[in-house]
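In what follows, a structure is listed as C-alpha cells, so that the remarks can point back to it.
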Amino acid sequence: MPKRKEQTMPEQAVTAQSEDFSRWYNEIVYRADLAAPSPVRGCVIIKPYGYEVWEGIKAGLDRRFKATGHQNAYFPLFIPESYIKREAEHVEGFSPELAVVTHAGGKELEEPLVVRPTSETVIGEAFSDWIQSYRDLPLLINQWANVVRWELRTRPFLRTAEFLWQEGHTAHATHDDAEAETMQMLDIYAEFAHDDAAIPVIKGEKSRLERFAGALRTYTIEAMMRDKRALQSGTSHNLGQNFAKAFDIRYLAESNQQEYCWTTSWGLSTRMVGAVVMAHGDDKGLRLPPVLAPHQVVIVPIYRRDAQRGAVMETVERLRLTLVEAGIRVHVDLREGQSPGFKFNDWEMRGVPLRLEVGPKDVEKDSAVLARRDRLGRAGKSFVPQAGIAAAAEELLAAIQRSLLEDARQFRDEHIQDARSYSELREVIETGDWARAAWAGSDADELQVKEQTGATIRCFPFDAGASSPCVKTGKPAERVALFAKAY
RNA sequence: CGGGGCAUGGCGCAGUCCGGUAGCGCGCACGGUUUGGGUCCGUGAGGUCCCCGGUUCGAAUCCGGGUGCCCCGACCA
C-alpha cells in the first residue's frame, strides 16, 4: 500500500529521518515554511512561521534576562577594524570569517569597518567610558542583534553567514562575581531549553581548543539531536580581564585603587530553532513544543455540503473564542480547496501540537475531536464535550510539552555510553552514540581523537563522576569528557 | 583553495549524443465535483532555455569564452 501512495503522491511525503536525516532536515525547514532560500549565498530568509518560533525563544529568554537584572541596549553593526585587533586571541579566532566594508558613500573608507561577528570589542569600548566606580558595577547589558560570520559550509538555522542572536555583556568587580554571572546565564539557558524548548541539555565546560577566542573559560549547553549528533545550543564565557585590559575597562575601588573589571559574555542564536526541529522532529515533520509553537491548536472545520457549513462554522468560531480567552494560540484553517485529510497531514508536518476537528457529527453531539501531534492516529485522538474544550486543550498541551521532553531525555540517555579504554571510545563513537570518558590529554591528543574518530570533546560535564586513568594517555585524570560528533 | 556535478515557467525535471513549432509532474488561476486521514474532472495563465560571441537558412541542442550555483576534503553560535 505505502508503495502505491509514494507513486501517486511523490511530492507529498517528507524523506524519512531514518533514510537520510540531513535531507529530512533540509526538506522540512522549507516545507514547514520555517525558512526560504535567499538570493545571497549562505543566508536564509526566515519566514513568518519560523520567525514566530524565534519570537517564542526571544520571549522566553528576554523574560529571564530581565528577571535577573539585565537591560537591553543596541550597539552598532559596524566595528572599526582596529577594535577587532585589540585583543590578540580574539582577532585570531575571528579574522578568517570577517566581512569587511571598505567602501561607503562612493569613497574608500579611511579605516575599514568590520560587520560585527560578535560585539565584545565595541561594547568593551563603551564600557570603558561608562564605568568609573565600583558603584557602577555590576553592569548587566544584553543586545538582540544580527551578526555575520562568513562560513563556507552553511545550513539553514544551524550555520548561516548571517544569523540572529542575543549577546549578553557584563562587567563585574571581581573574578568570582563574573564567574557567578557566567554560571547564572548558563543555568538560564539550560532552564529555558528544558522548560520552553523541551530539550534536555548537558551543562559543562569547553576544552581549551573549543573555547571562545579571548575567553578564560567557556561553558556550554549541549543537546542531542535525533540523529544523535551534538548541537552546542548556547554558550557563556568568563572573559577574565582580557577584554578589560584590551579596552581599558577600569573602576575605582572602595580602596581608591584603579582595578580592571572582570567581564562576561553569553549568547544564544537562531540555531536554537534548528535544535527544536532536530531534537523533536519525526518522519512526518516537525513536532513543536507547545510553549514555542506559533499555533498551539489548529482548528480544521469539516462539512459535507454547503448546508452543513453554517452550523459547523458557527461552532468553530465559538470554540475558537473560548480557546483564545483561555490564552491559547489558535489558528482556524479556512482553506477551501483542501480536504480535511490534506489539512491533517499538512499541520502534522508543520508540527502543531494539537488539532481540533469540528464536523457535523460534533455539532450534533455537542462534542469535538482533539488530536495530539505526539501520538499519531487513533491513539492520540480524544472526543471531548464542547463545554470542557479549554480545560481539555490546556491539559493536553501541558501533557505534550512533558512528553516531548521525556522522549528527548530518554533518547539522549539511551545513547550515552561510558568508555573505559580508547578502543571502547572508538567503538562507541562508531555506533553514533556519545561517549563519556576520563580525560587528561593534551590539545594534540584531543585533535588526534577528532582525526581518528570524527568526534570532539563537547564538554566536561559538571555532574560527571569520579576520575580514572585517561582514556587516551593512561595518565591519572581528574575530569570526565563527553565525546560526540557535532554539528 | 583542490576534485566532481548542474544551469530549461514559482519548484522538481525531460529534451542536448543525432540542430527544425519548448515539453512533463507539482504548484498557481477559473468552473464543476468532493470534503471525518494526502479527492477527481475540465479549462487556463506562466519560459530572454545562465551570459557573450561564433558556425548554420535555422541553435536549448554544435564550437569558443565567461558567470553563477550545488556536492565532497582544512574553521565555527
Side-chain angles (χ1 to χ4, degrees), chain A residues 2 4-14 22-23 26-27 30-31 36-42 92-98 117-118 145-155 157-167 189 206 209-213 218 220-223 231-237 265-275 284-285 300-306 308-309 312 333 335-349 355-364 367-369 371 376-378 380-381 383 447 450-451 456 486-487:
Chain A
R4 166 173 301 175
K5 229 175 193 179
E6 272 169 27
Q7 282 166 3
T8 50
M9 305 178 262
E11 304 282 326
Q12 290 174 349
V14 186
S22 147
R23 202 170 145 191
N26 288 331
E27 281 182 18
Y30 293 123
R31 296 200 33 200
S38 96
V40 182
R41 174 197 164 80
E92 204 186 321
F94 281 105
S95 51
E97 53 193 45
L98 295 181
T118 179
N146 59 337
V147 286
V148 168
R149 298 179 186 179
W150 215 252
E151 302 289 350
L152 299 177
R153 302 186 34 63
T154 60
R155 306 193 64 192
F157 297 114
L158 302 179
R159 183 179 299 108
T160 46
E162 179 188 10
F163 58 93
L164 307 181
W165 76 345
Q166 59 65 219
E167 47 178 322
Y189 288 155
K206 281 290 187 189
L209 286 176
E210 303 267 332
R211 193 181 291 159
F212 176 75
T218 287
T220 177
I221 52 170
E222 298 285 327
L231 187 73
Q232 176 178 315
S233 307
T235 49
S236 183
H237 318 290
S265 69
W266 24 277
L268 186 149
S269 73
T270 37
R271 171 179 269 191
M272 186 54 100
V273 177
K284 295 221 75 175
V300 177
I302 298 157
Y303 41 86
R304 203 175 298 272
R305 48 193 133 266
D306 281 351
Q308 295 171 325
R309 189 172 187 278
V312 167
D333 190 342
R335 287 177 293 179
E336 292 284 349
Q338 274 78 19
S339 67
F342 178 93
K343 292 175 178 178
F344 296 172
N345 285 282
D346 195 43
W347 291 112
E348 277 165 7
M349 181 189 72
R355 178 179 71 242
L356 179 59
E357 305 171 15
V358 180
K361 287 184 221 162
D362 300 301
V363 171
E364 198 179 305
S367 68
V369 178
L376 293 172
R378 198 161 285 274
K381 287 198 183 188
F383 301 80
L447 283 171
K450 184 178 182 183
E451 230 168 81
T456 49
Y487 275 101

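To find a chain, count down the sequence lines: A is the first, B the second, and so on, and within it residues start at 1.
- Nucleic acid contact class of P340(A) (heavy atoms, under 4.0 Å, all strands): base.
- Heavy atoms of R378(A) sit nowhere under 4.0 angstrom from any nucleic acid atom.
- Among the nucleotides G37(B), U35(B), A77(B), the one closest to any side-chain atom of N345(A) is G37(B).
- For the pair F344(A) and R355(A), the minimum side-chain heavy-atom distance is below 4.5 Å.
- At the heavy-atom level, S236(A) lies nowhere under 4.0 Å from the strands shown.
- Look at CE on M272(A): it is 14 Å from P on A77(B), rounded to the nearest Å.
- Among the atoms of the strands shown, base atoms are found under 4.0 Å from some heavy atom of E357(A).
- Side-chain contact between Y30(A) and P37(A) is present, with at least one heavy-atom pair separated by less than 4.5 Å.
- For Y303(A), counting side-chain heavy atoms from C-beta on, the closest listed nucleotide (U35(B), A77(B), C75(B)) is U35(B).
- U55(B) and G19(B): their C1' atoms are spaced 11 Å apart (whole Å).
- A donor N or O paired with an acceptor N or O is not found under 3.5 Å between the base of G36(B) and the side-chain atoms of K343(A).
- The two residues L98(A) and F94(A) come nearest to each other via the heavy atoms CG-O, 3.4 Å.
- Listed pair R304(A) / U35(B) meets the phosphate criterion, a side-chain N or O lying under 4.0 Å from OP1 or OP2.
- The residue G359(A) sits close to a base: some heavy atom pair falls under 4.0 Å.
- Of the possible polar contacts, none joining the S265(A) side chain to the H237(A) backbone as a donor-acceptor pair under 3.5 Å is found.
- When rounded to the nearest whole Å, the span between CD of Q338(A) and P of G27(B) equals 9 Å.
- Nearest-nucleotide mapping onto RNA chain B: of K284(A) and A486(A), the residue sitting toward the 5' end is K284(A).
- Of all nucleotides present, only A29(B) satisfies the Watson-Crick or G-U wobble test against U43(B), with each distance under 3.5 Å.
- The separation of G46(B) from C26(B), taken at their C1' atoms, amounts to 14 Å, rounded to a whole angstrom.
- In this structure G20(B) sits in a base pair with C57(B), meeting the Watson-Crick or G-U test at under 3.5 Å.
- For Q232(A), counting side-chain heavy atoms from C-beta on, the closest listed nucleotide (G37(B), A77(B), G36(B)) is A77(B).
- For U33(B) and G25(B), the P atoms lie 25 Å apart once the distance is rounded to whole Å.
- As rounded to whole Å, 14 Å separates atom C1' of A77(B) from atom CG of N146(A).
- Rounded to a whole Å, the CZ atom of R149(A) is 7 Å from the C1' atom of C76(B).
- For the C1' atoms, the distance from A59(B) to C52(B) is 15 Å, rounded to whole Å.
- The distance between atom CH2 of W347(A) and atom P of G38(B), rounded to the nearest whole Å, is 18 Å.
- Of all non-hydrogen atoms in P360(A) and V312(A), the two that sit nearest each other are N-CG2, 3.9 Å.
- Within the 4.0 angstrom heavy-atom criterion, no nucleotide atom of any strand lies near K206(A).
- Here G32(B) presents its P atom at 12 Å from CD of E336(A), a figure rounded to the nearest Å.
- Going from the P atom of G10(B) to that of A45(B) covers 16 Å, rounded to whole Å.
- G27(B) and C13(B) have their C1' atoms separated by 14 Å, with the value rounded to a whole Å.
- Using a 4.0 Å heavy-atom criterion, one finds that F94(A) contacts no nucleic acid atom at all.
- C76(B) is unpaired under the Watson-Crick or G-U wobble criterion, no partner having all donor-acceptor distances under 3.5 Å.
- Residue V369(A) is classed as a base contact, given a heavy-atom separation below 4.0 Å to a base.
- Comparing H237(A) and A371(A), the nucleotide of RNA chain B nearest to each residue sits closer to the 5' end for A371(A).
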Would T160(A) and E151(A) count as a side-chain contact (heavy atoms from CB on, under 4.5 Å) if you check the C-alpha gap in whole Å, the side-chain angles of each, and the deciding distance to 0.1 Å? CA-CA 7 Å; T160(A) 46; E151(A) 302 289 350; over 6 Å; no

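- E210(A) comes within contact range of no nucleotide atom at all, as no heavy-atom separation falls under 4.0 Å.
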Heteroatom pairs (N/O) under 3.5 angstrom, protein to nucleotides 67-73 of chain B:
unit_1, atom_1, unit_2, atom_2, d
C70(B), OP2, R41(A), NH1, 2.8
C72(B), OP2, R153(A), NH1, 2.8
C72(B), OP2, R153(A), NH2, 2.8

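- The CZ atom of F212(A) sits 18 Å away from the P atom of C75(B) (whole-angstrom rounding).
- Lacking a ring centre under 5.5 Å from that of the base six-membered ring together with a plane angle below 30°, F342(A) does not count as stacked on G37(B).
- Separating the P atom of G9(B) from that of U43(B) is a span of 25 Å, rounded to the nearest Å.
- Side-chain nitrogen and oxygen atoms of S339(A) include at least one within less than 4.0 Å of the OP1 or OP2 phosphate oxygen of U39(B).
- A gap of 16 Å separates the C1' atoms of G68(B) and C49(B), to the nearest Å.
- The shortest side-chain heavy-atom distance between M272(A) and F157(A) does not fall under the 4.5 Å cut-off.
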Could you list, one pair per line, each protein nitrogen or oxygen that sits under 3.5 Å from a nitrogen or oxygen of nucleotides 5-8 of chain B, together with the distance?
none

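- The shortest side-chain heavy-atom distance between Q308(A) and V363(A) does not fall under the 4.5 Å cut-off.
- One donor-acceptor pair, N or O on each side, does fall under 3.5 Å between the base of C76(B) and the side chain of R159(A).
- For E222(A), the salt bridge (charged side-chain N to carboxylate O under 4.0 Å, His left out) criterion is met by K206(A), R458(A), not counting sequence neighbours.
- At whole-Å resolution of the value, CZ in R23(A) and P in G12(B) are 13 Å apart.
- A donor-acceptor contact under 3.5 Å links the side chain of E348(A) to the base of G37(B).
- Ring geometry, Y189(A) versus W266(A): the interplanar angle exceeds 60°, so the pair is classed perpendicular (tilted spans 30 to 60°).
- When all heavy atoms of G93(A) and A213(A) are compared, the closest pair comes out as CA-CB, 3.8 Å.
- The partner of G68(B), taking Watson-Crick or G-U wobble pairs whose two distances both stay under 3.5 Å, is C6(B).
- At a cut-off of 3.5 angstrom, the base of G38(B) holds no donor-acceptor pair with the side chain of D346(A).
- The neighbour count for R304(A) CZ, taken as heavy atoms of other residues, nucleotides or ligands under 6.0 Å away, does not exceed 12.
- When distances are taken from the side chain of S269(A) to each of G36(B), A77(B), G37(B), the shortest belongs to A77(B).
- Among the protein residues, K361(A) comes within range of the nucleic acid bases, having at least one heavy atom under 4.0 Å from a base atom.
- Formation of a donor-acceptor pair under 3.5 Å by the R211(A) side chain with backbone atoms of T218(A) is not found in this model.
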Could you go step by step and tell me if D346(A) and Q338(A) meet the side-chain contact (heavy atoms from CB on, under 4.5 Å) rule? CA-CA 10 Å; D346(A) 195 43; Q338(A) 274 78 19; over 6 Å; no

